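Single-structure report; data block below.
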Amino acid sequence: MDKGKRITGAERDQLAVDLKAAYEGGASIRSIADSTKRSYGFVHHILTEAGVTLRGRGGASRNKPSS
């Protein structure tokens with residue numbers, strides 16, 4: 001896939017299927033973006049268009065200390 005190349009029609013539909021499968025298989029948006037040479041925002045948008053329910057952010061939780 002060429003970096004920055006506009007993707008439309010059937011090619012975009014197939015990309016959405018592929019990205020959805022990768023994300024639902026456990027890959028992060030950032031890792032998908034890196035492997036496809038696309039931006040985080042582009043991948044996020046395609047996944048949203050494909051109806052994917054996005055996972056919450058990872059990392060340590062920031063719970064307030066109990067009083």
Side-chain angles (χ1 to χ4, degrees):
M1 179 181 317
D2 296 330
K3 184 175 181 176
K5 177 184 172 223
R6 185 171 298 274
I7 299 175
T8 59
E11 188 179 9
R12 187 179 180 99
D13 294 341
Q14 184 58 52
L15 178 62
V17 169
D18 296 343
L19 297 185
K20 180 177 181 178
Y23 185 77
E24 290 179 342
S28 68
I29 294 175
R30 192 153 317 280
S31 69
I32 295 169
D34 289 344
S35 68
T36 59
K37 296 180 176 58
R38 287 290 179 167
S39 70
Y40 178 96
F42 176 83
V43 173
H44 185 281
H45 186 78
I46 293 290
L47 291 173
T48 303
E49 276 183 7
V52 174
T53 300
L54 301 177
R55 298 185 291 267
R57 291 180 59 158
S61 60
R62 298 183 188 178
N63 295 331
K64 291 183 179 178
S66 55
S67 345

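Computed over heavy atoms, backbone and side chain alike; hydrogens, waters and symmetry mates excluded. Model, not experiment: these values are computed from the prediction.
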Q | Closest non-hydrogen atom pair between I46 and A16, with its separation | A | CG2-CA, 3.6 Å
Q) Is any side-chain heavy atom of D18 closer than 4.5 Å to a side-chain heavy atom of T36? A) no
Q. Can you check whether R55's main-chain N or O pairs, donor with acceptor, with Y23's side chain at less than 3.5 Å?
A. yes
(Q) Let me confirm one number: the CD1-CZ distance from I29 to R57, rounded to the nearest 0.5 Å. (A) 11.0 Å
Q: Tell me whether V17 is reachable from L54 by hopping between hydrophobic residues (I, L, V, M, F, W, Y) whose side-chain heavy atoms are closer than 4.5 Å.
A: no
Q: Can you sort out the partners of S39 under side-chain contact (heavy atoms from CB on, under 4.5 Å), two or more places apart, ordered by chain and number?
A: F42
Q: Return the minimal non-hydrogen interatomic distance between I32 and A22, and the atom names on each side.
A: CD1-CB, 4.0 Å
Q | Inter-residue atom distance T8.OG1 - D13.CG, 0.5 Å rounding | A | 9.5 Å
Q) Roughly how far, to the nearest 0.5 Å, is the CG atom of L19 from the CD atom of Q14? A) 10.0 Å
Q | Where at least one partner belongs to residues 41-53, residue pairs that pass salt bridge (charged side-chain N to carboxylate O under 4.0 Å, His left out), sequence neighbours excluded | A | R12-E49
Q. Would you call I7 and R38 a side-chain contact if the rule is heavy atoms closer than 4.5 Å?
A. yes
